[in-house]
Asker: 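Next up is a structure, given as structure tokens.
Chain identifiers are assigned alphabetically (A, B, ...) following the order of the sequence lines, protein sequences preceding nucleic acid strands; residue numbering begins at 1 within each chain.
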Protein chains: 4
Amino acid sequence: MRTARRAQIIEAAIDTIAAEGLARASFARIARTAGLSSTGLISYHFAGKQELMDEVVRLVAAEFAAFVEERRDAEAGPAAELRAFIAANVEFASKHRTRLLAALDVARAERKPAFQVDLPGLAGLLRAGQRHGEFRFFDVDVMAIAVQSVLDGVLNRLAADQDADLGAYTEELATLFELATCG
Amino acid sequence: MRTARRAQIIEAAIDTIAAEGLARASFARIARTAGLSSTGLISYHFAGKQELMDEVVRLVAAEFAAFVEERRDAEAGPAAELRAFIAANVEFASKHRTRLLAALDVARAERKPAFQVDLPGLAGLLRAGQRHGEFRFFDVDVMAIAVQSVLDGVLNRLAADQDADLGAYTEELATLFELATCG
Amino acid sequence: MRTARRAQIIEAAIDTIAAEGLARASFARIARTAGLSSTGLISYHFAGKQELMDEVVRLVAAEFAAFVEERRDAEAGPAAELRAFIAANVEFASKHRTRLLAALDVARAERKPAFQVDLPGLAGLLRAGQRHGEFRFFDVDVMAIAVQSVLDGVLNRLAADQDADLGAYTEELATLFELATCG
Amino acid sequence: MRTARRAQIIEAAIDTIAAEGLARASFARIARTAGLSSTGLISYHFAGKQELMDEVVRLVAAEFAAFVEERRDAEAGPAAELRAFIAANVEFASKHRTRLLAALDVARAERKPAFQVDLPGLAGLLRAGQRHGEFRFFDVDVMAIAVQSVLDGVLNRLAADQDADLGAYTEELATLFELATCG
DNA sequence: CATGAATGAGGATTCATTCAT
DNA sequence: CATGAATGAATCCTCATTCAT
């Protein structure tokens with residue numbers, strides 16, 4: 001099936017980027033990772049390298065969004081939801097380090113904010129908290145960027161130090177933003 | 001003079017990376033930017049592409065550190081100092097977007113934390129605040145990463161949207177971390 | 001077919017080395033000789049220049065060994081066999097000057113004895129002759145080197161003077177070593 | 001003095017060729033070996049790389065010829081003189097391995113018989129031996145090439161195995177050619 | 001669909017040589 | 001004389017992409 005091959009190649013691209021870095025993720029190396037005998041197959045299934053890279057970002061962003069969405073509990077109130085959001089982020093970053101790392105590499109190289117899709121949701125959550133009176137009045141966009149950035153930074157730390165204490169990060173960050181938002 | 005040419009080439013590298021992206025910052029393009037007649041001249045002045053890239057990061061990191069250092073006021077107390085640190089960061093990012101962007105591109109591609117040199121200083125500041133009783137007890141390393149990451153995120157935003165309101169960012173972030181640290 | 005192209009490139013390499021010298025046998029010139037449209041094709045078929053050069057030596061050494069082997073007559077006795085060996089060498093050098101010249105160029109540049117593979121066989125022949133009592137007692141290794149070197153020298157002469165009298169060389173050398181070995 | 005600098009550069013060229021191989025003996029490396037701070041100086045003192053290489057061969061060939069000449073004893077008779085010639089050759093090769101190796105590398109790359117200058121002298125010696133009746137009638141040119149080639153081969157062996165037994169080689173080769181010439 | 005050969009542009013780097021100082 | 005900067009051609013090699021089979 002067309003879709004299966006595409007998926008296989010995307011996976012190989014992710015693995016290659018994570019293992020060797022974006023700069024060394026050539027079609028040749030991706031094909032080798034995928035066990036394909038020709039780079040021609042990649043060109044056949046993707047319009048160009050750009051499309052393959054776009055798909056890498058798109059796939060991981062979708063997985064990420066789904067993962068986070070699953071762990072939301074809209075009825076728990078904004079503060080609890082923010083904590084859940086942070087926990088879900090750290091958990092995803094920890095469980096799918098490779099995928100996230102690859103997607104961020106690509107997104108950064110293209111100078112696009114990694115998972116733009118996510119930001120509106122996060123901003124909405126923050127705005128809701130302000131309406132409920134649970135959050136103080138801050139610039140929602142700046143706070144959203146802040147949350148996003150900090151989670152990004154944690155991922156980088158996880159990339160460098162695989163044995164970092166996951167639970168500790170979650171607690172520290174949840175507290176940090178609890179204080180920062182609730183004033 | 002040796003130093004002048006090296007500096008010129010480093011500047012051209014910075015401009016090229018900022019304008020075209022790290023992936024497209026070849027010796028040919030850097031030489032063109034610098035107005036050199038040959039890529040050979042770059043190789044003459046630098047041991048290899050790696051050295052040139054290292055110098056880009058080193059130069060900007062040094063400028064950045066000096067800029068921030070100048071704006072410190074050690075006698076103002078940790079909280080005020082943290083605020084000054086954040087302000088200096090945002091100001092540098094705003095005034096030297098191009099340079100910072102280029103340096104971060106390189107540092108990220110090498111999967112090295114961008115300006116690692118800075119982190120110890122920041123961590124020291126945070127620890128001092130805790131000793132003074134001005135800051136609550138948080139994990140200093142996580143908080144340092146958080147500050148760093150958020151400033152990183154701001155830079156990215158600045159890269160995308162050149163007209164962002166600088167003062168607003170500074171105020172928002174200063175408040176954010178004031179709350180987060182003082183508890 | 002993979003093998004055919006490789007063979008074609010090896011042949012082109014041999015011709016180029018023989019015609020222009022090893023130092024000028026670049027991929028570009030080899031590709032031109034072979035009628036290829038790109039040096040990239042050479043890189044596609046060989047892991048690197050080293051591999052191509054190794055194959056040049058390996059191919060010619062194999063042809064040479066086969067040629068000599070065919071002309072051996074183990075039942076004729078060591079003295080006659082040595083003569084046959086010398087004759088085969090001169091004949092090969094004469095008939096395949098180009099190939100031998102190229103292979104020796106490469107082997108020499110790498111400071112490896114040209115056809116090391118051959119030496120053991122030659123040494124064996126000499127030792128057999130000593131056991132049979134047909135040869136006097138000399139240092140087998142030195143004599144092997146001597147035979148090899150003289151044949152090398154003849155090739156060089158043949159390279160410079162294409163019209164040299166083949167038969168005369170064979171006779172002279174056969175007599176020379178007959179006397180030298182039989183004492 | 002002009003001559004002194006030239007000599008210094010030639011020596012550096014010899015050392016570089018011997019140490020790194022002809023292919024890697026660039027002006028840059030030769031200048032480094034010589035302790036010069038610019039390759040420009042080499043170009044100033046030599047019309048081109050060709051001239052420098054020619055001088056390497058010329059110098060060593062002259063030293064070699066002088067060395068051999070000193071050890072000749074024209075009154076000892078052709079056979080003894082040939083033995084002395086061989087001994088002198090092996091001795092020179094052993095004492096000045098580096099220089100000889102470099103010169104031969106250059107000469108071979110240019111497909112010129114290494115020390116053509118020497119051959120006439122050797123041929124004369126052989127011819128004299130035939131006139132005296134001490135040598136049998138062989139083709140003088142072939143025998144001269146043979147002697148030369150064998151000594152070449154010995155040098156190569158010495159290059160690979162620095163601890164080879166010098167005296168043994170001399171004895172073996174002297175005997176070899178005594179038998180070969182006297183018949 | 002898949003293969004592997006082919007293409008040609010572009011990559012960093014090394015080279016001998018020139019020249020102003 | 002000596003220096004070191006500059007030049008531009010040439011080096012091997014990798015790349016994404018195309019195409020016949």
Asker: Using the side-chain contact (heavy atoms from CB on, under 4.5 Å) definition, which of the options C:D54, C:L101, C:L22, C:V60 pairs with C:V106?
Answerer: C:L22
Asker: Give DNA chain E the dot-bracket treatment, 5' to 3': Watson-Crick (N1-N3 with N6-O4 or O6-N4) or G-U (N1-O2, O6-N3) under 3.5 Å, [ ] crossing, | other strand.
Answerer: .||||||||||||||||||||
Asker: If a protein heavy atom is under 4.0 Å from the base, mark B; if only from the sugar-phosphate, S; if neither, -; do that for nucleotides 14-21 of chain F going 5' to 3'.
Answerer: BSSBB---
Asker: Round to a whole Å and report the spacing from CD of B:E20 to C1' of E:dG11.
Answerer: 15 Å
Asker: I want to check one thing: is the phosphate of F:dG4, taken as OP1 and OP2, less than 4.0 Å away from some side-chain N or O of B:H45?
Answerer: no
Asker: So how far is it from B:T39 OG1 to B:R32 CZ, rounded to the nearest 0.5 Å?
Answerer: 11.0 Å
Asker: Expressed as a whole number of angstroms, how long is the span from C:I9:CD1 to E:dT7:P?
Answerer: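 For the pair C:I9 CD1 and E:dT7 P, the rounded distance is 11 Å.
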Asker: F:dA6 C1' sits how many Å from B:I42 CD1, rounded?
Answerer: 13 Å
Asker: What is the distance, rounded to the nearest whole Å, between atom CD1 of D:I30 and atom P of E:dT14?
Answerer: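 After rounding, the gap between these two atoms is 16 Å.
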Asker: Working to the nearest 0.5 Å, report the span between CD1 of B:I14 and CD of B:E55.
Answerer: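 The CD atom of B:E55 is 10.5 Å from CD1 of B:I14, to the nearest 0.5 Å.
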Asker: Consider the side chain of A:R5, meaning its heavy atoms from C-beta on, and name the nucleotide among E:dA2, E:dT3, E:dT7 that approaches it most closely.
Answerer: E:dA2
Asker: What distance do C:E110 atom CD and C:D105 atom CG have between them, rounded to the nearest 0.5 Å?
Answerer: 11.0 Å
Asker: What is the separation between atom CZ on A:R6 and atom P on E:dC1, rounded to the nearest whole Å?
Answerer: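 Whole-Å distance recorded here is 12 Å.
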Asker: Among all residues two or more places apart in sequence or in another chain, which pass the side chain to side chain contact (heavy atoms under 4.5 Å, CB included) test with B:R5?
Answerer: B:Q8, B:L36, B:L41, B:H45
Asker: Run the salt-bridge test on B:R108 and B:D152 with the 4.0 Å N-O cut-off and return the result as yes or no.
Answerer: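 B:D152 and B:R108: salt-bridged.
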